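Below: one structure, written as structure tokens.
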Amino acid sequence: MTSVSTTAKAIRFCLLVTAGCAVYSGTSYAKDKDEPIERIEVTGSKIKRIGELAPTPVTVITGDGLIDAGVTNVADLLHKMPNTLVGLSPETTNNTVFASGLNNTDLRGLGSNRTLILVNGRRFVAGSPGSGAVDLNNIPTAIVERIEITTGGASAVYGSDAIAGVVNIVTKTSFDGLALDASTTRPTQSGGEEEYASLTFGSDIGKANFVTNISWSRQGQIAHMDRDFLREAPIVVRNPNASGPNDPQAIMWGHGQQVLAAYTKTGAFTTRAGEKYTFSDDGKIRPMKLGQPLPKLTNGRIDYLGGEGYSFAENAFIKTPLDRINFFTFMNYDINDDHKFTMEASYAKSEAYGESSPAFLTIPLHVDNAFLSSEAASLVKASERRPGDGARVGYLASDFGNRKYSQERTTARLALGLEGAISDTWSYDVYATVGHVQADTEWYGEMFEQRFKDAVDVIRDKNGALVCRSEHARANGCKPLNVFGRGLYDKAAYNWVSTDAIRRSSIDQYVAGASVSGDLFELPAGFIAAAFSLEYRKETADTLPDPAMREGLLFNNSSQPLSGEFDVTEASAELSVPLLKDIMLVQDLTLETAFRYMDYSTSGSDNAWKVGFNWALNDDFRIRANRSKSVRAPNIAELFNPSSQTFRGINDYCAASYRNRINPIYLSNVLANCAAQGIPTTFEPSQEWYGSTRPGFIVGNPELKNEVANDFTLGFIYTPSYLENFSLTVDYWKFDMENVINNFS
């Protein structure tokens, strides 16, 4: 935080200090007798300095810059920066079930879990159970004073999760008056409308001052069908003329809606002769109305341009709807000239929902199913691979509606601090924060998968009444469900197979820390500046899925409870040592070094360090170089994630259509392996196989150890004295990572 004075005075002071503007952490207390000096704090070191003079690359965005850009979410601006990628966002989370609407940023494309988000230099609670990534939806833009982005070498200063760097969001600490902001966005095509309103107010009252913000925002959903360029999107298919791995494996095949013919809204199946049939809305059997066949896809499946079936555009969404309410307040109280108390409190609530296609199932349809006409029964019999197997029917449960999953997240955080002067050149900062997240997910349009299969498998009893074939299902209340048409079932049967489900989850974070900073002693080139800190942190995460999810009874959703925690104690030291000053080609040369020791309850002890040089040739040119070791400890999900179900389409290397995609170096070996399994060279899986996915499970690993990144950055800074408000920085960076923790897709 800063004491009261003028920015110009602070900048003059910074330019005169040899160690690259060694500005002490916490409140600055090296005072002029008549007037205090304001210190400008920029992330990247607990020995602060302005951006161009910092030992690592730092980008600073002002709060006014956010307003000028028309940005209503911090993440939206970060996503536009050249050194960041989009982590999770409303545009990428529609089908992620538990993460819908989250907003994470990803520095240098190394992953959101490797990007540390700070608020006023302190950790913020994560946005998703088990993850370390912060949900930027919880930080209102109107309260932002500036955003500081530091890339490289930050782990030694800030600890785990900072492998790629740090985003420090510095909030306003005082405000006198009232400000109201409102905006709306209306796209030229329907969908994606946005509204925003914000109220900021504050006051200086004697020794105390405060600033408070209340904001609300809403953004609408965008479906593929809302955009003409997605309704009639380019279609990419396998290149039928590809003869080797060096040929293009995929080509664009016109525009339109790509349709998977394996599923229809009334059920579809294929006879042994290759004829495709479906049911009319009234339940009568008829040939499918197929569009133009496309060349085989890369997985061997044949889709169609238009016609009946599963339209990918009709069932796809590209932006999750998101509503947010944020409350944030910051209060300072000056105990006396040398000590002050700070309090930061925030509350945020967001609601988002993801939407995907109706449930799609492959169900057996037997010849004696009581819903079938004699004509339909004959065609089903013509579809049997073996007598009694029946037909394999692809059914898209549109009558049940799209599957939707609502996400409601509530985040509360309180940070208390005490900071002040120990002497004229040493200051301290003591703080404690507590954060809590309650994240609940509710599913709509779900079904009990086995119940559904039992309910559609119907026979007539000895009295001629329609009953479920399975006696066990009948004993449990099964009622015949006619889906071979539209709207033909009764409500009782629908209620027996359909359900909603919920998963409750929570996150807790507790942090306590203290730091001191100041001058150690003077060398011929200037003072050695130092910062020392100690921090303790504990994080817990819990999830409790619906009983039906835990038992794996729902379509495509199986999940087990998560319960995990860790704590860590960390200590760090940082030095800025002026080596040379005012000699030929050296205006100043400073050694920048830091060391951090960390002891995790899960992955054990480790350390991070950095060594860098900051070399000013003159007022205009500066070179900086850093070599560092960074560490990221595995998060709760990576350690303790319970078995969770996932689905994936797979390739068959023995398929004749896949042969030209195999590297020629290995082709003969692959073919020999296939032959050893008795698979003929002409083998080709069925279209039903190509059109389906295979279930699997992902589970955490409590034996994980820390990731380690050995990184190097080299930068050149040009700040010509004859150009005001201009600087040019060019930075090279390289990361060499070991023990990288990753999830299976």
Side-chain angles (χ1 to χ4, degrees), residues 261-273 275-288 308 310 358-401 445-499 548 551-556 686 688-689 691-692:
Y263 302 92
T264 67
K265 298 172 183 179
T266 56
F269 61 91
T270 305
T271 66
R272 290 194 302 274
E275 299 167 322
K276 295 182 180 295
Y277 285 87
T278 188
F279 296 88
S280 300
D281 288 355
D282 60 4
K284 294 180 181 177
I285 193 74
R286 63 170 176 80
M288 280 185 67
E308 290 184 309
Y310 180 106
F360 49 94
L361 305 98
T362 301
I363 54 178
L365 180 60
H366 297 285
V367 173
D368 62 346
N369 190 295
F371 290 134
L372 297 180
S373 64
S374 57
E375 179 187 6
S378 298
L379 290 170
V380 167
K381 188 174 182 61
S383 304
E384 292 182 329
R385 305 299 180 193
R386 292 176 300 183
D389 279 354
R392 305 292 294 176
V393 173
Y395 174 66
L396 182 65
S398 293
D399 278 1
F400 291 70
E446 282 293 343
M447 64 170 64
F448 293 103
E449 187 168 359
Q450 188 56 49
R451 283 191 182 188
F452 177 86
K453 292 180 178 179
D454 288 335
V456 299
D457 189 12
V458 175
I459 59 173
R460 292 188 181 274
D461 65 11
K462 59 184 179 182
N463 298 318
L466 296 176
V467 295
C468 301
R469 184 188 303 271
S470 167
E471 293 183 7
H472 176 75
R474 291 202 300 269
N476 288 326
C478 180
K479 300 184 182 304
L481 179 70
N482 188 358
V483 297
F484 307 112
R486 299 298 301 274
L488 302 181
Y489 56 83
D490 61 46
K491 189 68 175 177
Y494 171 84
N495 289 340
W496 192 73
V497 302
S498 65
T499 187
E551 296 175 28
L553 302 178
L554 303 185
F555 172 75
N556 264 16
S686 68
E688 288 80 10
W689 186 92
S692 61

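What you see is a predicted model, and the numbers here were worked out from it, not measured in a lab. Quick note: residue numbers are just sequence positions, from 1.
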(request) Spell out, as yes or no, whether a donor-acceptor pair under 3.5 Å connects the side chain of R474 to the backbone of C468. (result) yes
(message) Looking at E384, is its backbone amide N or carbonyl O close enough to the side chain of R272 to form a donor-acceptor pair, meaning the two atoms are under 3.5 Å apart?
(response) yes
(request) State the OG-CZ distance between S373 and F279, to the nearest 0.5 angstrom. (result) 7.5 Å
(request) Enter the distance from Y395:OH to T266:OG1 here, rounded to the nearest 0.5 Å. (result) 8.5 Å
(message) Side chains of T278 and R286, heavy atoms from C-beta outward: is any pair under 4.5 Å?
(response) yes
(message) In terms of relative ring orientation, are F269 and Y277 parallel, tilted or perpendicular, with 30° and 60° separating the classes?
(response) parallel
(request) Carefully, step by step, assess T362 and Y263 under the rule side-chain contact (heavy atoms from CB on, under 4.5 Å). (result) CA-CA 8 Å; T362 301; Y263 302 92; 3.6 Å; yes
(message) Minimum heavy-atom separation for V456 and N369, please, with both atom names.
(response) O-ND2, 2.9 Å
(request) Would you check if the side chain of E449 reaches a backbone N or O of L553 as a donor-acceptor pair within less than 3.5 Å? (result) no
(request) Evaluate whether atom NZ of K453 has more than 12 neighbouring non-hydrogen atoms of other residues, nucleotides or ligands under 6.0 angstrom away. (result) yes
(message) Check whether D399 reaches the backbone of G487 with its side chain - one donor and one acceptor, N or O, closer than 3.5 Å.
(response) yes
(message) Please check: side-chain N/O of N463 versus main-chain N/O of A465, any donor-acceptor pairing under 3.5 Å?
(response) no
(message) I need the Q450 CD to N476 CG distance, nearest 0.5 Å.
(response) 11.0 Å
(message) Could you check whether any side-chain heavy atom of L365 comes within less than 4.5 Å of a side-chain heavy atom of L372, counting everything from C-beta outward?
(response) yes
(request) Look up atom CG in D454 and atom OG in S470, then write down how far apart they are to the nearest 0.5 Å. (result) 5.0 Å
(request) Return the minimal non-hydrogen interatomic distance between D461 and V467, and the atom names on each side. (result) OD2-CG1, 3.9 Å
(request) Give, for atom CG of L379 and atom OG1 of T270, the distance between the pair rounded to the nearest 0.5 Å. (result) 11.5 Å
(message) Given 3.5 Å as the limit, does a donor-acceptor pair link the side chain of T264 with the main chain of G267, or not?
(response) yes
(request) Kindly indicate, with the supporting measurements, whether the criterion side-chain contact (heavy atoms from CB on, under 4.5 Å) is fulfilled by F452 and F400. (result) CA-CA 12 Å; F452 177 86; F400 291 70; 4.2 Å; yes
(request) Give, for atom OG of S383 and atom CG of D389, the distance between the pair rounded to the nearest 0.5 Å. (result) 11.0 Å
(message) Tell me the closest heavy-atom pair linking P480 and A493, and the distance in Å.
(response) O-CB, 3.2 Å
(request) Answer whether the closest heavy-atom distance between the side chains of K276 and E308 falls below 4.5 Å. (result) no
(request) Check whether any side-chain heavy atom of R486 sits under 4.5 Å from a side-chain heavy atom of S398, and report yes or no. (result) yes
(message) Within the structure provided, determine whether L466 and R460 are in side-chain contact (heavy-atom separation under 4.5 Å).
(response) yes
(message) Parallel, tilted or perpendicular: which one describes the rings of Y489 and Y494, with boundaries at 30° and 60°?
(response) parallel
